[in-house]
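Worksheet for the structure shown next.
Lettering of chains follows the sequences in order, A, B, ..., and the numbering in each one begins at 1.
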There are 2 protein chains.
Amino acid sequence: MAADSEPRRFMTKVARMYYTHGIRQIEIAANLGISQARVSRLLQAAEQAKIVRTIVVIPEGLHAEIEEDLQGRYGLSQVHVVEALDPNDEAGINRDLGEAAALILSAMQLSGKTIGFTSWSRSLRSLVATLEPSKKKSDATRIVEMLGDVGPPQLQHDSTRSTQRFADLIGGTPLFIRAPGVLSSAEVREAMISYDAHTREAIAALDELDVALVGIGTCSIDAPLEPGGNFFTVEQFEMAKSLGAVGQINLRFIDAEGIPIESELDSLVIGVTLAQLPAKGGRFAVAGGRSKYEAVRAALRGHWIDTLITDMETAERLLRE
Amino acid sequence: MAADSEPRRFMTKVARMYYTHGIRQIEIAANLGISQARVSRLLQAAEQAKIVRTIVVIPEGLHAEIEEDLQGRYGLSQVHVVEALDPNDEAGINRDLGEAAALILSAMQLSGKTIGFTSWSRSLRSLVATLEPSKKKSDATRIVEMLGDVGPPQLQHDSTRSTQRFADLIGGTPLFIRAPGVLSSAEVREAMISYDAHTREAIAALDELDVALVGIGTCSIDAPLEPGGNFFTVEQFEMAKSLGAVGQINLRFIDAEGIPIESELDSLVIGVTLAQLPAKGGRFAVAGGRSKYEAVRAALRGHWIDTLITDMETAERLLRE
DNA sequence: TACTTGAGTGTATCAAGATTCGTCAATTGC
DNA sequence: GCAATTGACGAATCTTGATACACTCAAGTA
């Protein structure tokens with residue numbers, strides 16, 4: 001019985017022999033009448049095909065003390081702190097944060113909820129990358145983009161895919177905002193919204209959010225984004241700063257105390273407003289790294305966040321300063 | 001308290017570097033100023049401490065055809081078939097079945113439910129071994145033992161631990177039956193039940209089962225069990241067989257068509273009755289291997305099961321015969 | 001104080017698994 | 001119908017990770 005027709009079945013079989021039963025590759029090879037090399041390749045393929053998953057669980061309450069302190073200090077309902085391998089490697093931090101967030105999300109009951117998602121956030125993007133598919137599908141579960149497209153076309157494509165994939169994994173329906181995130185004028189903004197039925201539907205859903213995975217950003221233009229086009233210009237960022245902005249939550253600017261900074265910039269953005277964020281327990285932020293510290297602190301002070309997933313260094317600074 | 005979390009933190013860090021970031025052990029060692037050997041050992045420890053988990057997912061619908069056929073034939077709501085590595089190795093089959101069941105259970109919504117558990121079942125025991133802890137704790141979730149102690153004292157200890165651990169992993173409260181599973185007379189049985197408050201509570205909960213993980217057994221005394229004491233004697237099994245029994249569900253005998261065999265044996269058992277099994281959708285059986293074939297078929301024919309997790313060979317026989 | 005014990009670590013070595021390379025068969029293109 | 005290409009495979013080889021052994025250090029014990 002050498003050639004099992006179905007390759008996936010064969011991979012599963014080998015994977016189970018290797019991982020579950022702990023049989024050595026050579027023995028598996030001998031047992032199935034194939035070479036050790038092939039067993040090795042099959043195992044790689046199984047991993048590739050996500051038949052085999054290795055996850056590193058973040059033990060509960062590993063940083064219990066600091067997490068509790070943060071909860072108390074900022075009135076948060078949940079805090080998760082992950083150890084950053086290298087505090088300077090922001091990409092690495094985002095990956096770790098995303099992974100942690102994936103574990104937390106997968107333990108949550110999201111079925112039937114309306115979930116706001118921020119597809120341009122790098123940490124949320126890596127969340128999607130590590131999320132495991134859930135079996136429970138529910139059409140009532142809605143994944144709503146909370147901001148229109150930002151950045152260059154390539155990034156927009158990634159964003160769409162990210163939202164789609166997130167919806168697939170959670171088992172819900174995605175609602176896209178098919179419009180730029182930042183327009184040149186309030187009039188164009190209105191026109192864009194009325195233009196597309198999908199977008200209108202998504203915008204409407206923003207009033208009914210149960211959970212929001214917000215993006216916290218600085219008042220500058222980070223790497224993959226570009227000024228102008230469907231994003232704020234350098235001048236607009238400068239203007240926000242001159243009004244006291246130290247960061248933004250889905251492009252809504254806040255000052256160091258977390259107080260919203262109202263300006264005409266607000267009327268240029270197609271996306272969730274701070275007032276639309278879910279009332280309590282559903283405001284998630286996955287953000288860390290040195291550059292975002294000011295913004296995160298402001299978001300916490302304004303109580304725009306009640307579940308924070310961040311790195312050790314940021315957590316410590318949030319307690320110290 | 002911080003004393004014991006320190007090594008765990010280090011293990012987690014190393015595990016993340018290795019598995020999530022894919023860094024080689026030597027590089028990790030160089031990075032952290034330790035030897036490669038220590039990295040290797042830390043990773044082993046992390047695996048031991050369940051910080052690292054590797055699971056082999058059963059791809060959905062790998063055996064779609066046979067599963068659907070079985071569903072249709074016996075009116076089952078769910079069927080999962082796993083490939084047995086060696087049809088003769090019943091211990092191995094049980095491990096595989098348990099692993100599969102763990103994956104299926106973890107995808108289910110069990111919070112707040114009353115779940116009947118059969119702690120002496122080997123496949124359910126291995127289910128517990130591979131189940132991943134769920135984050136959602138709920139005191140409303142109850143794990144009820146569906147049968148008193150059977151077998152030698154050593155086995156009883158394992159059973160208790162198994163139930164306890166299952167409850168921990170699911171995030172619920174365990175209700176134990178602290179009494180023998182089989183008594184010498186109906187009078188002694190009554191006395192045992194009235195004796196212990198915990199046991200009474202568990203027995204009462206058996207009327208409110210939402211989900212039952214039943215054990216399907218043969219009409220003989222399998223390896224770890226011993227006749228007499230708190231288990232049926234050889235004579236009692238013979239008597240059941242002479243009445244037409246081909247198997248039993250939690251020690252309630254059924255004939256080849258699945259029809260319950262009523263006898264005075266019923267009044268000797270402290271455990272769930274067939275009538276107490278949840279109405280629909282909640283009757284799980286994890287059973288396979290050649291020896292149990294007759295019993296499984298009988299249980300299916302009597303519609304005592306609506307979700308079956310079994311091995312390929314049993315599945316095929318169930319369709320053929 | 002001196003001795004014993006045991007856990008934890010690094011070095012050197014060995015085994016296990018990944019990779020390279022040549023072969024062969026199936027498929028594609030001309 | 002015949003190269004050419006692609007992909008799968010196994011044997012040999014190389015790399016990576018596991019382990020045996022020796023050493024250190026701390027804590028207990030005579």
Do any of residues 25-40 of chain B sit with a heavy atom less than 4.0 Å from DNA chain C, and if so which?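 Correct list: B:Ile34, B:Ser35, B:Ala37, B:Arg38.
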
Separation of [Y] [atom2] from [X] [atom1] (nearest 0.5 Å):
X	Y	atom1	atom2	result
B:Thr307	B:Phe284	OG1	CZ	4.0 Å
A:Met17	A:Leu42	CE	CG	11.5 Å
B:Leu70	B:Gln78	CG	CD	13.0 Å

Touch check for B:Arg41, heavy atoms < 4.0 angstrom, all strands: base, sugar-phosphate only, or nothing?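 Touches a base.
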
If you pin B:Arg24 and A:Arg24 to their nearest nucleotides in DNA chain C, which one's is more 5'?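 Between the two, 5'-proximity favours A:Arg24.
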
When you measure from the side chain of A:Tyr18 to the backbone N and O of A:Leu43, does any donor-acceptor pair fall under 3.5 Å?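 No: the side chain of A:Tyr18 does not pair with the backbone of A:Leu43.
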
5' to 3' on DNA chain C, which nucleotides open and close the contacts with chain A (atom under 4.0 Å from a heavy atom)?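 Contacts span C:dA16 to C:dT20, reading 5' to 3'.
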
When you compare the side chains of A:Glu90 and A:Asn94, does any donor N or O come within less than 3.5 Å of an acceptor on the partner?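 Per modelled atom types, A:Glu90 and A:Asn94 side chains form no pair under 3.5 Å.
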
Test ring pair (Phe, Tyr, Trp, His ring centres under 6.0 Å) applied to A:Phe166 - qualifying residues, sequence neighbours left out: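 Per chain and number, A:Phe166 pairs via ring pair (Phe, Tyr, Trp, His ring centres under 6.0 Å) with A:Phe117.
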
Using atom CD of B:Gln44 as one end and atom P of D:dG17 as the other, report the distance to the nearest whole Å.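 Nearest whole value for this atom pair: 13 Å.
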
To the nearest angstrom, how far is B:Met17 atom CE from D:dT16 atom C1'?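 About 17 Å, once rounded to whole Å.
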
Which residue is it: B:Ile309, B:Val286, B:Leu213? I am looking for the one with a side chain to side chain contact (heavy atoms under 4.5 Å, CB included) to B:Ser123.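 The passing option is B:Val286.
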
Short N-O contact, A:Arg16 and B:Glu83, less than 4.0 angstrom: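 Here A:Arg16 does not pair with B:Glu83 in a salt bridge, since their nearest N and O are not under 4.0 Å apart.
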
